[in-house]
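Below: the structure, in structure tokens.
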Amino acid sequence: MLAFSLAPAAVAQTNSSYDAQFISWPTYNGNDLELSVDNSGTHFRLWSPKAKEARVNLYTDGHTGEAYKILPMTFDAATGTWTVSVPEKLYGQFYTFQINNDGKWLKETPGVWAKAVGVNGDRAAIIDFASTNPAGWATDKGPEVKNFSDVMLYEMHHRDMSMHPSSGIANKGKFLALTETGTTSPEGMKTGIDHLKELGITHVHILPSYDYNSVDEMNLQNNTYNWGYDPLNYNTPEGSYSTNPSDPATRVREMKEMVKALHDAGIGVVMDVVYNHTATNDDSNFELTAPGYYHRHWDDGRYSDASGCGNETASDLQQMRDYIINSVKYWVNEYHIDGFRFDLMAIHDTETMNQVAAELKKINPSVFVYGEGWTAGDSPLQTERRALKENVSKMTDIAVFSDDIRDAVKGHYTNAADRGFATGKPGLEETVKIGIVAATNHPQVNFKKGNNSKFAYADSPEMIVNYVSCHDDLCLTDKLHKSMAGEPEENMLAAAKLAQTIVFTSQGTPFMFAGEEVFRDKQGVHNSYNSPDSINAIDWSNKAKYRDQFEYYKGLTALRKAHPAFRMTSAADIAKNLKFDKIDSAKTPNLISYSLLNNANGDEWNEIKVVFNGASEAQTVNIKKGNWMIVAKDGKISPAGDLGATEGGKMTLAPYSALILARK
Ligand code: CA
């Protein structure tokens, strides 16, 4: 959440003097942490090196009743863990841990490794995971990804997609919503998973779907909405997205059914993960199991707060680093997740992120890892170690969001009225070009003139995710309404098409926010993290109303899928095959023209000409003579290039529009 880049500051130390005490703590990385069940019984192992005592409380219920048994645990100094076993398989039972910290028993906690929980995540549950697998799970696989630039991301919240009555979906706001086929809007347009297939994206990116804190799972009739950036139990699905949060196995099974349905449709599933902070400080599961360790602090012992949410975690400490790595591995192994979007990734260190990518690649080379290359406040972690956008070239197989293209195309996110390149503001051409070349070094791009970045920070286009909007800040439709106030809606629709054309034709990986293909809005609410469904839910009647918009987006995904020239995989290829036409931006602003040459990246088209006119007036360009197919012009697109032919010469682009031509 929250999007601003922090200017690199000279911070001398790796971590605070307070946190130095934790470096010497013994760590434990076994896969039997907290709970394991085998033929010899049920085994508990809690990592808590400085606890004076530790115990397990056993319950028959996930929420009510007293513990029916309390099991004292035994300490092993070498691993810093406390253990106890019972000879029975305790399937169907619940447990909490409790530690004595300096003579005081802390509150009960389900621990940090609960893989199933009771309602609201207060008690961990013991379930047989084999019983949660849907039919065909053993052979279930996500789409194979050869290059990350082949991925097209669709960021969605479960409630946004299905809560509106017009979705025609029965399991509204649930994981199961995306398992329903044949659903339609009142006008007969496809919704849900059929809509995603029709649109042509390759991966959904689901907003936080681990168990989070803010929605009361015992009162789902209140229809409380939250984005979910307040993590509680990182290794179990959120209960409110299941049909029965009180039954621990239901949320597990239903999330797997969602993944399976998407995989069967050829669509990958990326999870938004928020390991950078916890919902609460002293009462977080981290603090209740190993006080002090997992969070960072300033020298005086106060929680540091690079998340802007009250605390930040300490990925540079071994047990926390291992935790993040093991947690994402668990989601890939148990839930077949295809990728991770790291919230405020720069709170983590580059070494942790490199290990995350390397470990995931061993399990499935198609797993895509990307994140926000910024923090939301200062951190004790030194700048050069942060997984910042500016440090992305120190990482391998990790991508970052390009705020360069985002702010330059549609206008800056901090000022609703500010326009961008696609809505007539001059002077942003060079920053848009930085986006087009995926922030890689290019002889015709002057990074000194960039608004957000001053150097070619990406070594490869596979390090960049391009977008103009996401759940944060004004969505594209609202941004256009605010910045183009007074203009007719047709201009806003044209500008939306142009903005997304820039994203989907640029080098790197394109990303879009759910519903923008049907011109969804959020009634001007930029931070809608807890706004009601009436603000956040997508009205699917828009799909008939803005049919032309949807068809255009569909054309963009199809064009990108059919033409590898838009998906080059190296900076050298881009420098060689992408040539900008000389345009004096001082004389003719809001005009960018370039060619993709040499059958780039094995494309069947020898040359693709891409021209963007972001001005409120028509602009004319001179196209080299040749036998050109018209692929896109004046708000129409045809991936097959059958909008007609031209021999080049003078061609006029409508206001706020893209022209794409191709020749063999
Ligand atoms: Ca929850």
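When a ligand or atom number is given, it counts from 1 through the structure's own listing order. The model shown is predicted, which means the values in this text are computed figures rather than measured ones. Heavy atoms only: backbone and side chains are in, while hydrogens, waters and symmetry mates are out.
The pair Lys543-Glu517 fails the salt-bridge criterion, with no side-chain N (NZ, NE, NH1 or NH2) lying under 4.0 Å from an Asp/Glu carboxylate O.
The minimum heavy-atom distance linking Gly373 with Val400 is given by the pair CA-CG1, 4.2 Å.
Heavy-atom contacts from other residues, nucleotides or ligands closer than 6.0 Å to NZ of Lys190 number 12 or fewer.
Counting only distances under 3.0 Å, and ignoring water, the protein N, O or S atoms around the Ca ion (ligand 1) are Asp211 OD1, Tyr212 O, Glu217 OE2, Glu238 OE1.
Annotation: cation-pi geometry not satisfied between Arg406 and Phe401 (NZ/CZ under 6.0 angstrom from ring centroid, within 45° of ring axis). With a 6.0 Å cutoff to the six-membered ring centre and a 45° limit on the axis angle, Arg123 counts as a cation-pi contact of Tyr59.
Under the 30°/60° scheme for interplanar angles, the aromatic rings of Phe342 and His348 are found to stand perpendicular.
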